[in-house]
Each structure stands twice: as C-alpha cells, then as structure tokens.
Amino acid sequence: MDESGWDDEDRKARLEEKVKSSGIMALLGSLGDDAPADFFVGAGEGAYASPYGSAPLSDYEANELTTKEDPTSLQGGVDSATIKKISKNHAASIRACYEDQLAVYPNLEGRVEVKVVVGGGGSVIDADIMSSSLDNDLAESCILAQVRSWSVPVGEQAGVSVAKVPFNFRQGADVSAGVQSWDNFGMNSNPLNLAVQASNEWIAQQAEPAQQKKVQINANQFGVLQLKARKTVCTSESHKPLADRVEVWSERLGAHPTVGMMVAQFHQARRNCEIRTMQDRRAYARLALKRLEGPSDRCTFMNRMKAYPGLVDYIRKKILQRVKTPYDLMIVRQVCDNAIEATQKEIDAVLKSKKSHDDKIKGIKKLAKIYPTDMKVKLILLDLLEDAPGGKRLGEAKRLAEDLRHHPYADDRVRTRVGEFYHRIGKPDEAKRCFSEIVEFSPYVPAARRRLGDLYRTYGWYEDAYRQYETLSTMVPSDETVLILMAEAAALAGRVDEAVRLAERVSQSASAEGILTPGDVARLFNGLRLIEMRVAAREGGDEKKIKDLMKRSRRAGVLRDASGLRVVLKWDHPDVHLDLLVKDQDGEIGSADRLAEEFGAEWLVRKKDRPGPIVIQVARTEGSVIKESKAVLWIIENEGEPDEKVRKIEVVITDKKKEKLAWTIGVDGTVTETEVTKEKPITAKEFSK
C-alpha cells in the first residue's frame, strides 16, 4: 500500500486498526487473563529480534505488561512472585517450543495453563497441562519438559508446593515493513511511537481506570522487539549429502567433544543450513550419542535439546536402547527426567494414616502423581489394587500392570513383579512372556539372562531355565558358577545324573580357608541331590543302590563336609532374601555359618555331640519379595552314616505380619515348629527353653 501521501494522523489511524486486530494486543493479553508471560512473534520471515526468536515481554517491565492476575500459588510455600520470576528466566526456552511449531502451523496460537509441583528441595517433581487451547501436542510436551527442568528457590522448611503457571502464545502483526524505513521519520513520527500512542488511546477507551496503569507500554519496551531481520548464511557443506555432513560435524567436534560442544555445534549447523529436516536432526543426535560417553552426558545433551520435543523423544529412546545395567537406567531416570523417588517414610505415612483399603489406594495414587517416575510406588499400588476385597479392583490392577510393563523405565525388577502378578491371577503364559522381556530389552547382559533363568526355575519352567543358563555359559565361558545353575535346572527337570556330573566339574576345586568358593556350593548342592536319592532308596529297601550312592558321594567329595548336624536353607527366586538364625543352648543368637545368597543358600553345621537342643529361625529380610517367599529347609543329622536322618520342610512366608518361622531341634532329632510373629519374635529366653 502506498503511504507516501499520508500524514501522521493517517498513519496513526492505520496503525490503530492493526493494534485492534493483531500484534500489539498480543503483547498486552486479554484484560481478564492471568498471564505472567506473553510471547510476541512477528509474522514476517526473519522478523525476529534475537538469534533465538523474538524477545519475551517478561524480559522487560513484566509488572506493567501483565494483566491484573499473577500466577496463582495453589498449595504450599512457593509464592507467585517466585514462580513468575522463574518463568521469566526460562522464557526463551518456552518460547522456542512455540516457535518451533509455529514454523509448521503459521496460525498457531492459544493459551496453556501448566500445573507445577515443586518439591521441598526446589526441583520441579511434576508438571502437567491443566488446560490448553494451543491444540499442539508437540509444543505442549516441549513446554512440560522445559518446566520440569526448572529449579525454584525455596525456604529450608518448605514442603511440596503446587502452582498454576499460564502462558499465552499469539502470532503478532506483520510490521516489519515499517522497520526498514525508520530513518525517514522524525522521532515523533516513528511508526512504533505512533503504534504505542494508538494502542494506549484504544486501551483508555476500553479498560477501567484501575486496569489502565498495568497495560501501558512505552516505545523503548516495544521498539526493542523488532530491530532488524535475522540473517542466514548457508555454507557449502549445506548442499552435501547427509552422510558427508555427518563426517563434517564429526571432524569439527574433535576427538573428545563435550556436551557443550555438541549443543553449540548443533545450533551452528542449523544457522549454516546444514540441519533442516527431522532426518538431519536425528542424524546429528545419533552422532552425539555415539561420541558422548555414559548415560549422564547423553541425558544432559537431551535436556539441552528440549526446544525440539520430537527430537527429544527420539534421543530418549536411543539412550534407553543403550542402557545395559539397572545402574545405567537409574542414571537415565535421574538425569534425563530429574526423577525423584518417594522416601520409605512418605510411603509408610500414607499406608499407616489410612484405615480403609480404598483410602490407602487413594493415598498411594496421590503419591504416584507427585513422583510419576517412581516405579516402587506404582508397584505398591499394583499390590493394593490386586488385594482389594472381593477382587473389585482387579480390572484396574490389570490395566496398571500393562502400563508398567510398557513403561520406558520398566527394569528387570518391574517386569519380575508384573510377571508374578499375571501368574497369581491365573495367566502363566502372559507371566512367562513378561519375564522373557527382561532379556529382550537387555539381550547381551549376563545378569538379565541369569535372572530370567532363575525366574523360570522358580515357576517350574525347568527346561527353559536350563536353556537360559546354557546361553549364559556362552556369554561368560570362564565362569564355572554357571555349571552349578545348569545342574540345578537339570535336576529339577528330572535329569539328576546329568546334574551331578555338571556339579562335579566344579566340586573338585579346592576349598579356601575362611572363604566360600563355588566348589563348596557345588558340593553342598550335589550332596543334597545324593541325599534325596539315598532317602528314596531307603524307602524302597534297595540296599545295593544305597551302597552305590555312598560310593558316588565319597567319589564326588561331598562327604568331606559331613557333620553331625547340617541345616540348609535354599531358595530359587532372585528377589527372595532370607536369614537363617541359630541359637544353641547357653550360646548367642547368630547367623548361619555359611552364606551364598547369590545361589539362594545359607547353611550351618554342628558336631555330633550337642549338649542340648537348638532353635533355628527363618526370617524374611528387607528387599525380599513382598507377596510370597518360598524356600526349603533341610535338617540332616549324621550325614553319610547308617543312622542318617533327613527332614525336608517347605517354608512359605506370605503373611506380612508373620515374616519369621522357627523350629526347635531336640537332642534326639525331633523337630517341632515354634510360634513366632512380627509382634512376638523369638528371644534369647525362647532359645533357652
């Protein structure tokens, strides 16, 4: 439009029309909104004020540019002024989320209200969208990711605080043409001054006097927003194929790039037109993840790229694919997503303060919202839902189990618990599939293969367990303890002779003074198998077989550890943790003589001539399976002698209040169970009876 014949009044009237319909009012916001930060973006290409896009209003006199309401502190001790200041400090990164999508959707605008949960230490432990008219999932996800990275100053006594932080995003009017000809006007005729004057006059007509003061702006505040177009310089490398560009990026980074170098190089490559598409961004991300060492640096790189939410999701998946150990996964949770776990004190407080089962579920659900990445809380919720009276919440438990199973932070512990849930509700095939996912996500991790074999052995899939241990032996060929595991699975599958031969390959190794060796464990397990065979032969009256078994026992070396009394506690599940305690008459209460928890075994030995009875106690310890702990207790007297006595007791601890079981072994070999509960533990006095 030709404006050469216009006077100042004409220009003022023209700009007033623009003010009413677009750009400047986007700065001011609606008079009734509670916006701490509005973002103005020029409509013309290259009309931004800085390399990162247009400057946010909250970088200037935000107290004059906001409307009558501030961010509202909904709960806790963090006040609105603090939240407002933090939102101002992070305005550039929030704005980048919007602008990244604005390039794809030119008419994108709207309002997003974010609920921010601040922990006692000042970290944002959760952020969620309360309402949004932006209607863009990628921008909203990016905003949440940015908010979750905030650190909020809090007092020493601060607890968890919840605040609402609203953001308004609108595209501004195209006023870039006026910028090109500022020098043609005097100070009083500057188009921006005229726009400011027109907007303030229009505001004066629309707003109440009390509101006018808060929305006045001046030429300096507005004039800073658009100074000149951003220039783009494309390098010769920008025209090369992607593979060649990746080589160029790699050379620029040098031999030992840091996270800062990776991020700086990414932005430089974008300015040079070398990174244009999502394919380009992903190629650069793969280069970064390959060059950076360890999950901590990779997560730091991911957090520095949160202005690109689609890319961040891709980077997170690639980081998780590189996770090899539970420790690595813990680092990813803490650094990538700033994960904070609930303390046991918080969990106990919820469970103890709620009387009804439904109230306990509600309390744990609230805790799960505060700590959304804490898998421990979610597993407790799964147990509570499963145990709801009458099975009325079993459907909800199934849905939660499925969510946990596919959660990005589902580790071997989570998959174990979910698989056990399926097994308890009568879905063994689903349980087996869930267990198998432990190695699907970590196929080259020996610990994952070992755990899967142990779980298969626990739940009766003995041949499958044997195959897992066999694969494990190829992964760690020099580890002779795998032969012990293969022998256990073979014996349970009914191939006892094979089991004995496998264990004998380890049992011949020498013992070390004061140190438990794999040979000691192999001899113990082989001894138990041969004892079972001798018991069966005695019951069948087969004296010849008994003699043959005794010869084999001596040849295998299992009788070198024979004693007057041997008590063995043995279990299969990898998460069962039990203590075998013993009290001799006139002695102190003590633990078992020998501990081999990595093989699920503890045992003690006593001489033939005992002065009196002894009491043994099996206790479930912290970290054991909550639902059910199973084990076998062997009591063997006069091992290898003609008067050999063997007692085999199935130990099952399921009641949370009864986490201890005890037995008294008399001098004559009689075994009687002794009552013991959490409220009534066995004491030294009980042992002396």
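Just so it is clear, the values below take in all heavy atoms, side chains as well, and ignore hydrogens, waters and symmetry mates. Only a predicted model underlies this, so the values are computations on that prediction, with no experimental measurement involved.
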- Message: I'd like to know if Asp497 and Arg552 make a salt bridge, using a cut-off of under 4.0 Å between side-chain N and carboxylate O.
- Response: yes
- Message: Check whether Glu470 reaches the backbone of Tyr466 with its side chain - one donor and one acceptor, N or O, closer than 3.5 Å.
- Response: no
- Item | Spacing of Leu289 atom CG and Lys318 atom NZ [to the nearest 0.5 Å] | 9.0 Å
- How long is the span from the CG atom in Leu292 to the CG atom in Leu287, to the nearest 0.5 Å? 8.5 Å
- Any chance you could measure Tyr469, atom OH, to Leu485, atom CG, to the nearest 0.5 Å? 5.0 Å
- Leu528 backbone acceptor or donor facing Trp634 side chain under 3.5 Å: no
- Spell out, as yes or no, whether a donor-acceptor pair under 3.5 Å connects the side chain of Asp374 to the backbone of Ala342. yes
- Item | Electrostatic pair Lys630:Asp572 at N-O distance under 4.0 angstrom | no
- Note on the structure: In short, Ala537 meets Leu549 closest at the heavy-atom pair CB-CD1, 4.5 Å
- Indicate yes or no for a side-chain donor-acceptor contact from His423 to the backbone of Gly419 under 3.5 Å, with no hydrogens or angles considered. no
- Lys/Arg-Asp/Glu bridge criterion (N-O < 4.0 Å) met for Asp454, Arg457: yes
- Salt bridge Arg433-Glu430, side-chain N to carboxylate O under 4.0 Å: yes
- Query: Are there more than 12 heavy atoms of other residues, nucleotides or ligands under 6.0 Å from atom NZ of Lys427?
  - Reply: no
- Query: Below 4.0 angstrom, N of the basic side chain to O of the carboxylate: do Arg415 and Glu440 qualify?
  - Reply: no
- Query: Any cation-pi pair here, Lys376 with Tyr371, using under 6.0 Å and within 45°?
  - Reply: no
- Query: Does a sphere of radius 6.0 Å around NE2 in His406 hold more than 12 heavy atoms from other residues, nucleotides or ligands, not counting ones at 6.0 Å or beyond?
  - Reply: yes
- Stepwise, does the side-chain contact (heavy atoms from CB on, under 4.5 Å) test hold for Lys645 with Asn638? CA-CA 7 Å; Lys645 295 180 181 179; Asn638 302 325; 5.7 Å; no
- side-chain contact (heavy atoms from CB on, under 4.5 Å) partner of Ile616, the single match among Leu569, Leu581, Leu661, Leu633: Leu633
- Rounded to the nearest 0.5 Å, how far apart are CD1 of Ile315 and CZ of Phe301? 4.5 Å
- Message: Looking at every non-hydrogen atom in both residues, tell me the closest pair between Val335 and Ser296 and how far apart they are.
- Response: CG1-O, 3.7 Å
- Query: Would a distance-only check, ignoring hydrogens and angles, find a side-chain to backbone donor-acceptor pair under 3.5 Å from Glu602 to Leu580?
  - Reply: yes
- Query: Would a 4.5 Å heavy-atom cut-off, applied to side chains only, mark Met302 and Ile319 as touching?
  - Reply: yes
- Do Glu488 and Arg529 meet the salt-bridge criterion of a basic N to acidic O distance under 4.0 Å? yes
- Message: Quick test of your reading of the model: are Lys648 and Glu532 salt-bridged, counting only N-O distances below 4.0 Å?
- Response: yes
- Any Lys/Arg nitrogen of Lys378 or Asp403 sitting under 4.0 Å from an Asp/Glu carboxylate oxygen of the other? no
- Do any N or O atoms from the side chain of His573 and from the backbone of Ser629 form a donor-acceptor pair under 3.5 angstrom? no
- Message: Has Lys360 got a side-chain atom pairing as donor or acceptor with Leu351's backbone, closer than 3.5 angstrom?
- Response: yes
- Exceeds 12 heavy-atom contacts within 6.0 angstrom, atom CD of Gln344: yes
- Between Phe525 and Phe599 the two heavy atoms that sit nearest each other are CZ-O, 3.9 Å
- Item | Inter-residue atom distance Asp575.CG - Leu455.CG, 0.5 Å rounding | 7.5 Å
- Query: Is the shortest distance from a Lys or Arg side-chain nitrogen in Arg523 or Asp520 to a carboxylate oxygen in the other one below 4.0 Å?
  - Reply: yes
- Side-chain donor or acceptor of Thr621 paired with backbone N/O of His577 under 3.5 Å: yes
- Just by distance, do the side chain of Arg449 and the backbone of Thr471 share a donor-acceptor pair under 3.5 Å? no
- Item | Salt-bridge present (Asp313, Arg316; N to O < 4.0 Å) | yes
- Query: Do Asp358 and Ser356 meet the criterion of a side-chain donor-acceptor pair at a distance under 3.5 Å?
  - Reply: no
- Query: Is the backbone N or O of Lys354 less than 3.5 Å from a side-chain atom of Asp359, with the two atoms forming a donor-acceptor pair by type?
  - Reply: no
